[in-house]
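Notes follow once the structure below has been shown.
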Amino acid sequence: MTSRLDRIAQQRRQKLDRIRGRGINPYPKYHRGHTTQQAIALLKQQEASDAAETPVVNLAGRVMASRLMGKISFLDIRDGSGKIQLYFRSDLLGQDDLKLLKDIDIGDIIGVSGKLFRTKSGEPTLEVKDLTLLAKSLQPLPEKWHGLSDIDKRYRQRYLDLIANTEAKEIFHVRSQVITAIRQFLNGRGFIEVETPVLQPSAGGALARPFITHHHALDQDFYLRIAPELHLKRLIIGGFDKVYELGRIFRNEGISTKHNPEFTMLESYETYADYNDVMAMVEKMVAEISQQVLGKDEVEFGGNTINLKPPWSRLELRQAIKEYSGIDFDQYPDADSLRAEMEKKNMEVDPQKDRGRLIDELISTFVEPNLIQPTFLLDYPVEMSPLAKSKPDNERLVERFEAFAGGMEIANAFTELNDPIEQRQRFLRQQKERQTEDETVETVDEDFLLALEYGMPPTGGLGVGIDRLVMLLTGQQSIREVILFPQLKEKP
RNA sequence: GGGCCGCUAGCUCAAUUGGAAGAGCAGCUGACUCUUAAUCAGCCGGUUACAGGUUCGAGUCCUGUGCGGCUCACCA
């Protein structure tokens, strides 16, 4: 870039050349004996046991700080488990190691061996006898105290963010543990994990604009999945009782603090369950995960304390909208009348929107921001939910819920529609309603309908946005903070 | 895609009304045998995102472009 960066990089390259000139391989193989965390545990163990022997270990990690004091030096190294201080004494090191030490920079990866002890101030420290350079770093690290705060750089060079900002790294630890906990929870209830196609001939199971790609050998366009739903249902038809998939899905829509074009979704399907069973499972699962990963069932999010302990509030969608917007959608059976009522409330309403989308707008405008504590909204209009089964006593509503917390939708579930004739009609109706719009309309998935005709048992299905769940559990307001490499525009 | 805001040294940030582009960290040289944001002395480091414009003079004002953030739209 500028001559400045070149200068620092150049200095480091000169050091690299010097090191090579002494016959040292700056990128050798190496086996470490302990992590820094294990080493500290070992030291404590030795101290507790009164053993006279000082533990000798070899460790490896990235140099994070150096405090050179003439004949002695202190370096801090960090590995995946933590960090530890190193103590170098010129009278303990060989000539070669002393020379090498002079060419070690912050950022280098080194291996060290020696004995563990505590300094006068009580800091666990390794007194180094042997030093090995494991990887010379040619680029300067971000500032040690303030870390890296340039958001653009944090996302584009996430590795620097992870090196410089321990809080950022911790979020991804939590994310990993959340996903592990979900698997344990579901496996423990008899679910089996499956994998279904990401490349699909038609993108079904939701209505979103898909990414399109092309398979050369087949000379056929494929869509990246926008949901795994229709394939998981095929597996239910095939006789699996409980299945789930944790995977990436792709939606070619706008990017925001709550949306990334590719995100992680959990979908689960359980035969002979309905949406009430699924509701009970969701609140239990989230509370247990939080307890297991964070050791608590309350989280801080956006200035609120959110209590995840079951039971969560249950609120009929119609009542919720009535309460927060003053509109009772039951009194407006078609899009035109509902739109007119919304316009009375000074809302700017897209005349293209059908009744389902209008109701969705009422939810996101009036209801969702108010649902801070975990809440299930129940019983959605059928036109918003083409894959859900109608309520036994009301053909206009389906057995569906969405779960909200922190003003975010985190889950969506329903008693699955398993009537193939009805399902076909729903698809056709949806197709008709969307035909006027410029967006690509989902084609009727004949292959799925054929599968349904063989008979799908009554089933409860669930979708959970994993990224948003992790946002909730880690208190992050932007989805980019919980996705390691969020989508950004390429820099020219 | 619209609106608002941002972009200054490798990193974190200053720069008064438009009047000499600065500091800390990092780096380099030196001193220092228990430091831990080590300390001390000295030094190096800039096409102020990019391209134009206004002006005696632009980091600062104007126009455009790029990228980012927030937000609206979009997203059942």
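Below, chain A is the first sequence line, B the second, and so on; all start at residue 1. When reading the values below, keep in mind they use all heavy atoms of this one structure, side chains included, and skip hydrogens, waters and symmetry mates.
- Nucleic acid contact for L488(A): sugar-phosphate only, since backbone atoms but no base atoms lie under 4.0 Å from a heavy atom of the residue.
- Rounded to an integer number of Å, the gap from CG of L160(A) to P of A26(B) is 17 Å.
- Taking the ring centroids of F401(A) and F376(A), they lie under the 6.0 Å cut-off.
- Separating the C1' atom of U16(B) from that of C25(B) is a span of 26 Å, rounded to the nearest Å.
- When rounded to the nearest whole Å, the span between CH2 of W145(A) and C1' of G24(B) equals 13 Å.
- Taking only side-chain atoms of E143(A), from C-beta outward, the nucleotide of U12(B), C74(B), A38(B) with the closest atom is U12(B).
- No side-chain donor-acceptor contact under 3.5 Å links E170(A) to the backbone of T474(A).
- Comparing U35(B), U33(B), C75(B) against the side chain of Q85(A) picks out U35(B) as the nearest.
- One can find a donor-acceptor pair under 3.5 Å joining the base of U35(B) and the side-chain atoms of T119(A).
- For the pair K120(A) and E361(A), both in contact range of RNA chain B, the more 5′-proximal nearest nucleotide belongs to K120(A).
- For H146(A) against C11(B), a side-chain-to-base donor-acceptor contact under 3.5 Å is absent.
- For G45(B) and A23(B), the C1' atoms lie 13 Å apart once the distance is rounded to whole Å.
- The base of C75(B) lies outside donor-acceptor range of the side chain of R209(A), with no N or O pair under 3.5 Å.
- Considering only the side chain of P142(A), C11(B) comes nearest among C11(B), A37(B), G68(B).
- Look at CD1 on I163(A): it is 18 Å from P on G10(B), rounded to the nearest Å.
- For R7(A), whose side chain is taken as the heavy atoms from C-beta onward, the closest listed nucleotide among C44(B), G10(B), G69(B) is C44(B).
- Listed pair R156(A) / G68(B) meets the phosphate criterion, a side-chain N or O lying under 4.0 Å from OP1 or OP2.
- Taking atom CZ of R154(A) as the reference point, atom P of C67(B) lies 21 Å away to the nearest angstrom.
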Apply the test side-chain hydrogen bond (donor to acceptor under 3.5 Å, both in side chains) to residues Y155(A) and E481(A): give CA-CA distance (whole Å), side-chain angles for both, the deciding distance (0.1 Å), then the verdict.
CA-CA 9 Å; Y155(A) 296 157; E481(A) 293 296 333; 2.7 Å; yes
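- For C61(B) and G2(B), the C1' atoms lie 25 Å apart once the distance is rounded to whole Å.
- Between N165(A) atom CG and U12(B) atom C1' there is a gap of 11 Å when expressed in whole angstrom units.
- Taking every side-chain heavy atom of F74(A) into account, U35(B) is the closest of G68(B), A37(B), U35(B).
- Contact between A405(A) and I410(A) at its shortest, heavy atoms only, is CB-CD1, 4.3 Å.
- Atom name P, nucleotides G19(B) and G10(B): the rounded distance is 25 Å, in whole Å.
- Between G59(B) and G3(B), the distance separating the two C1' atoms is 25 Å to the nearest Å.
- In this structure, N260(A) places its CG atom 18 Å from P of C75(B), rounding to the nearest Å.
- Between R480(A) and C70(B) there is a side-chain polar atom (N or O) within less than 4.0 angstrom of OP1 or OP2.
- Among the candidates L116(A), I77(A), L75(A), the single residue satisfying the side chain to side chain contact (heavy atoms under 4.5 Å, CB included) test with L126(A) is L116(A).
- A close approach under 4.0 Å does occur between a side-chain nitrogen or oxygen of K153(A) and OP1 or OP2 of C11(B).
- Residue Y87(A) is classed as a base contact, given a heavy-atom separation below 4.0 Å to a base.
- A close approach under 4.0 Å does occur between a side-chain nitrogen or oxygen of K144(A) and OP1 or OP2 of A26(B).
- Between L141(A) atom CG and C11(B) atom P there is a gap of 12 Å when expressed in whole angstrom units.
- Of the side-chain N and O atoms in K15(A), none sit less than 4.0 angstrom from OP1 or OP2 of G27(B).
- Closest to the P140(A) side chain, of the nucleotides G68(B), G10(B), C34(B), is G10(B).
- With both ends at atom P, the span from C5(B) to C11(B) equals 25 Å, rounded to whole Å.
- Close to A38(B), at under 4.0 Å from its OP1 or OP2, lies a side-chain N or O of R67(A).
- Across A38(B) and G24(B), the matching P atoms stand 16 Å from one another, rounded to whole Å.
- With 3.5 Å as the limit, one finds no donor-acceptor pair spanning the side chains of S81(A) and Q37(A).
- In this model, no side-chain donor or acceptor of E123(A) finds a partner on the base of U35(B) within 3.5 Å.
- Residue contacts shown for D150(A) are limited to sugar-phosphate atoms, with no base heavy atom under 4.0 Å away.
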Determine, step by step, whether Y87(A) and F74(A) satisfy the ring pair (Phe, Tyr, Trp, His ring centres under 6.0 Å) criterion, reporting the C-alpha distance in whole Å, the side-chain angles of both residues, the deciding distance to 0.1 Å, and the verdict.
CA-CA 5 Å; Y87(A) 173 54; F74(A) 293 92; 5.3 Å; yes
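- At C75(B), one or more side-chain N or O atoms of R357(A) fall inside 4.0 Å of OP1 or OP2 (strictly under the cut-off).
- The side chain of F117(A) has C34(B) as its nearest neighbour among U33(B), C34(B), C11(B).
- When the side-chain nitrogen and oxygen atoms of S149(A) are compared with OP1 and OP2 of C13(B), one or more of them lie within a distance under 4.0 Å.
- Of the candidates E402(A), R400(A), K391(A), E402(A) is the only one forming a side-chain hydrogen bond (donor to acceptor under 3.5 Å, both in side chains) with Y380(A).
- Taking atom P in both U65(B) and A58(B), the straight-line distance is 24 Å, to the nearest Å.
- Side-chain nitrogen and oxygen atoms of T257(A) include at least one within less than 4.0 Å of the OP1 or OP2 phosphate oxygen of U71(B).
- The nearest heavy atom of RNA chain B to Q487(A) and to T125(A) marks one nucleotide each, and the one closer to the 5' end goes with T125(A).
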